[in-house]
Structure formats: structure tokens, C-alpha cells
Amino acid sequence: MPSREVPLSLLHERVNGWYAEAGRKHLPWREPDASPWGVFLSEVMSQQTPLARVEPIWREWMDRWPTPTDLAAAAPGDAVRAWGRLGYPRRALRLHEAATAMVERHGGEVPGSPADLLALPGVGAYTAAAVSCFAFGIPEVVVDTNVRRVLARTLEGKAFPNLTLNRAEAKLAAESMPAEPATANTWNVAVMELGALVCVARGPRCDECPVADLCAWNVAGRPAYDGPPRRGQSWHGTDRQVRGELLRRLRDAHTALPLSRLEDSADDRGQVMRCLDSLVADGLVEPLEGELYRLPG
DNA sequence: AAGACGTGGCC
DNA sequence: TGGCCAAGTCT
């Protein structure tokens, strides 16, 4: 059990101390006056998305829909259009659905309990824990890709974590948490930040790392990853690419588009129709009479 | 539980 | 240049 070799209290102290000094302080959802809704929005927008791209869209959404009630009152298509090029646009739809659920079930407020959060569309284990912790000060175990990588390196001496988060890894993350709630809350954001700025996937800056001397991976000479091949994400020619192109056209059009303006979104017309159908099935596109298509009204 | 799901920057 | 990766979720 490598974790036993690393003094956790020292790890906590170093990482939290580093965060206080080097953590990004300008992020708007980290301001003391940030609302739970602002935190919630930031967490969903940040799923699989670099923060630099999130911030401008987050500001637009907060100006336009400052509360769940405001978003719930909008058309879903407005949310999809305002999502712009953030990627994974189903998140915009789910945000709209989540806002509606908050109005119906939680008096228009973001719920604070992990169970209530988990029941919302688009909210999984990570987001539920993150919102509980960052917006409500509940010291849940927050495990994202950054946390997984930092723990794999510091505690397990591995370059990267497993392909999927298993029970042993979840247990390790839970056991690595500080016992004191306030320290645990800082730890959650601090480890993520360390993974995002220093302990990055490629080209980690171990010379800047506050726990380089404690890190099992660094101490072992940073051995190369030797696990099963990590699956890549294909893109060129995939349905994802075609769906993205279709949605881009519909976003930019600001009006319903005839099929003739969509069917050349890819060389293979069959693929275009398949993708259009899937977008309709997902609720991201609404078909109208006469082969017209638009974002959902 | 493996694979789908957007988009763009980086080395 | 192109594969890798990014504060995951859903099926």
C-alpha cells in the first residue's frame, strides 16, 4: 500500500499552502460572492472543457440567466445557441432541464445535498460532489481527472491512473482526504488546481511542485506509463464531427433552415441524415413542417 | 462496461 | 502534422 508511505498531513499542508499562493484567484465562480447557481453552471460547463474557454460563456449565461428560474423560463434552443462552441451541446439542454427541475422540486434553488444534485440531469458523481463542496462547503470526495492523476502519481507512483475509476481508487481518494472539514474543502480544489497547473498529463512541472519530494512517482524516477493502452478519441469523419457541423449551421442561422442548407454537411448524405435524426432524437434539433429544421423552441 | 459525445490548443 | 487531452455523463 504505497499510500501509507506518504505522510498525508504533510501532503495536505503543502498542497493547500501551494494553492493559497499559486492558485488562480480570478475565476469568477471562485469569488466569495459566487452563487450556488454560478458554481453549478461552472462545473457543468467545465466538464471535459478547458477553463479558459468556459469563462466568457459563463459570464454571458450569468448575465442573461442569473438564477435557475431565469434559465428555466427560456427556450431550450436559446440555451443551445448561447452554448456556442463550448462542445458537448447536450450539456446546454441538460442545464435547461436541471434548471426546470430546480424550479419544480427545489423552490428555484440549487440543492446542496449530493443525492439531490445527483438526481439532476447532466450531473454525475463528480459534479454532485463538486457543487456540494464548492458551493455549500460540504466536504464530499471530489474526484476528477486532475485528482486521479495527482493521486496516481503521488500515492501510487504511476504516471497515469487506470482507464476507469474503480472502487479501490475511489477508496484511495476518500482515504486521502483531510479529516477537518475546512481543510478538506480546500484540499479538494487545491488538488484539482495542482493537477491543472503543475501535475499535468504531458510535461509535468515537477520542479515547481510543492510535493515533489513526497511524490512516489517522482521519487521513483518518473517511470513511464505501462498500463493498458488508453483509448483515443477519433474525430475525423465521425458522426460527432457531422453533428457538430449541423449544429453550427443551425446556431449561426438564427432561423429555421431547409434540408437543402444542411445536407451537404458531409460527403455522405446518409450520414448527414442519420446525424440529423440523432440530433432530433436528442432534442437538440426540432423538425418543422416542410423539411425545415431549427434549434428547439 | 466500452464507446459515443464537441471543440480547439498544444507539442 | 496529428494524436493527445481537457473540472464527465449517459447508455
Side-chain angles (χ1 to χ4, degrees), chain A residues 19 23-24 27-30 38-58 80 83-95 97-98 117-135 140-151 159-167 170 173 187-197 199-205 225 228-251 265 271 274-275 278-279 281-285:
Chain A
Y19 177 73
R24 288 167 290 188
L27 297 174
W29 50 87
R30 265 184 204 169
V39 173
F40 184 86
L41 214 46
S42 80
E43 291 304 335
V44 174
M45 288 182 169
S46 300
Q47 293 166 2
Q48 296 287 285
T49 309
L51 294 198
R53 246 178 277 167
V54 168
E55 189 167 343
I57 305 293
W58 183 90
V80 174
W83 194 252
R85 301 175 136 298
L86 258 195
Y88 292 141
R90 288 192 285 208
R91 290 183 291 167
L93 228 39
R94 289 177 179 144
L95 233 18
E97 293 166 13
L117 285 162
L118 206 46
L120 297 170
V123 176
Y126 162 76
T127 302
V131 173
S132 277
C133 177
F134 303 148
E140 288 294 304
V141 183
V142 178
V143 184
D144 78 328
T145 189
N146 291 305
V147 174
R148 297 186 65 207
R149 188 174 53 250
V150 171
L151 296 185
F160 291 101
N162 302 326
L163 264 37
T164 57
L165 201 168
N166 57 33
R167 185 157 298 151
W187 164 256
N188 277 332
V189 67
V191 182
M192 284 176 62
E193 191 80 335
L194 188 66
L197 300 183
C199 194
V200 294
R202 284 172 301 181
R205 302 188 249 282
Y225 176 76
R230 297 185 293 152
R231 56 181 195 275
Q233 307 165 336
S234 56
W235 172 248
H236 188 71
T238 62
D239 284 2
R240 276 207 287 181
Q241 183 181 30
V242 177
R243 284 167 57 104
E245 173 62 18
L246 285 167
L247 223 41
R248 187 188 66 73
R249 295 184 184 199
L250 290 166
R251 259 197 326 262
S265 295
Q271 185 183 26
R274 179 174 73 243
C275 290
S278 75
L279 287 169
D282 286 346
L284 283 163
V285 171

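Every value quoted in this text rests on a predicted model; they were computed, and no experiment measured them.
- Protein atom OH of A:Tyr88 is 13 Å distant from nucleotide atom P of B:dG8, rounded to whole Å.
- Spacing of P atoms, C:dT9 relative to B:dG8, comes out at 22 Å, to the nearest Å.
- Summarising the geometry, the separation between CZ on A:Arg249 and P on B:dG6 is reported as 16 Å, rounded to the nearest angstrom.
- Distance check: A:Leu120 CG to A:Glu97 CD gives 10.5 Å after rounding to the nearest 0.5 Å.
- Looking at A:Glu55 and A:Arg24, no side-chain N of the basic residue comes within less than 4.0 Å of a carboxylate O on the acidic one, giving no salt bridge.
- Here the separation of C:dG2 from B:dG6, taken at their P atoms, is 23 Å to the nearest Å.
- Atoms CZ (A:Arg243) and P (B:dA4) sit 12 Å apart, rounded to a whole Å.
- Among the atoms of the strands shown, base atoms are found under 4.0 Å from some heavy atom of A:Gly87.
- The residue A:Ala52 sits apart from the nucleic acid: no heavy atom pair falls under 4.0 Å.
- Rounded to an integer number of Å, the gap from CG of A:Leu163 to C1' of B:dA1 is 11 Å.
- Atom CD of A:Gln233 is separated from atom C1' of B:dG3 by 11 Å (rounded to the nearest Å).
- If you measure from atom CZ of A:Arg202 to atom P of B:dG9, you get 14 Å, rounded to the nearest angstrom.
- Looking at heavy-atom distances under 4.0 Å, A:Val123 makes contact with sugar-phosphate atoms alone, never a base.
- Base engagement by A:Trp29 is indicated by at least one non-hydrogen atom pair under 4.0 Å involving a base atom.
- Here A:Asp144 contributes atom CG and A:Gln48 contributes atom CD; the two are 10.0 Å apart, rounded to the nearest 0.5 Å.
- When each of A:Gly232 and A:Gly195 is assigned the nucleotide of DNA chain C bearing its nearest heavy atom, the one mapping closer to the 5' terminus is A:Gly232.
- When A:Gln241, A:Arg249, A:Arg243 are each tested for a side-chain contact (heavy atoms from CB on, under 4.5 Å) with A:Glu245, only one passes: A:Arg249.
- The interatomic distance linking A:Leu86 (CG) with B:dC5 (P) rounds to 19 Å, in whole Å.
- Applying the 4.0 Å criterion to OP1 and OP2 of B:dT7, one finds that A:Arg251 has a side-chain N or O inside that range.
- For the P atoms, the distance linking C:dA7 with B:dG3 amounts to 24 Å, nearest Å.
- Residues A:Phe134 and A:Arg30 fail the side-chain proximity criterion, which asks for heavy atoms closer than 4.5 Å.
- Of all nucleotides in DNA chain C, those with any atom nearer than 4.0 Å to a heavy atom of chain A start and finish, going 5' to 3', at C:dG3 to C:dC10.
- If you check every strand for non-hydrogen atoms under 4.0 Å, A:Arg53 touches a base.
- In this structure, CD in A:Gln271 is found 10.0 Å from OG in A:Ser278, a value given to the nearest 0.5 Å.
- Between the CD atom of A:Gln47 and the P atom of B:dG8 there is a distance of 18 Å, given to the nearest Å.
- Counting non-hydrogen atoms under 4.0 angstrom, A:Asp239 reaches the backbone sugars and phosphates but no base.
- Contact detail for A:Leu51 and A:Ser46: the closest heavy-atom pair is CD2-OG, 3.2 Å.
- As judged by a 4.0 angstrom heavy-atom cut-off over every strand, A:Thr127 is placed among residues touching the sugar-phosphate backbone only.
- When the nearest nucleotides of DNA chain B are assigned to A:Thr238 and A:Arg85 by heavy-atom distance, the more 5′-ward of the two goes with A:Thr238.
- A:Leu163 and A:Arg230 make their closest contact through CD1-CG, 3.5 Å (heavy atoms, listed as atom of the first residue, atom of the second, distance).
- Contacts of A:Arg248 with the nucleic acid, taken as non-hydrogen atoms under 4.0 Å apart, are absent.
- Across all strands, A:Leu247 comes closer than 4.0 Å to no nucleic acid atom at all (heavy-atom distances).
- Between the CG atom of A:Leu194 and the CE atom of A:Met192 there is a distance of 12.0 Å, given to the nearest 0.5 Å.
- When heavy atoms are screened at a 4.0 angstrom cut-off, A:Ala130 is found touching no nucleic acid atom at all.
- The residue among A:Leu120 and A:Pro50 whose nearest nucleotide of DNA chain C lies closer to the 5′ end is A:Pro50.
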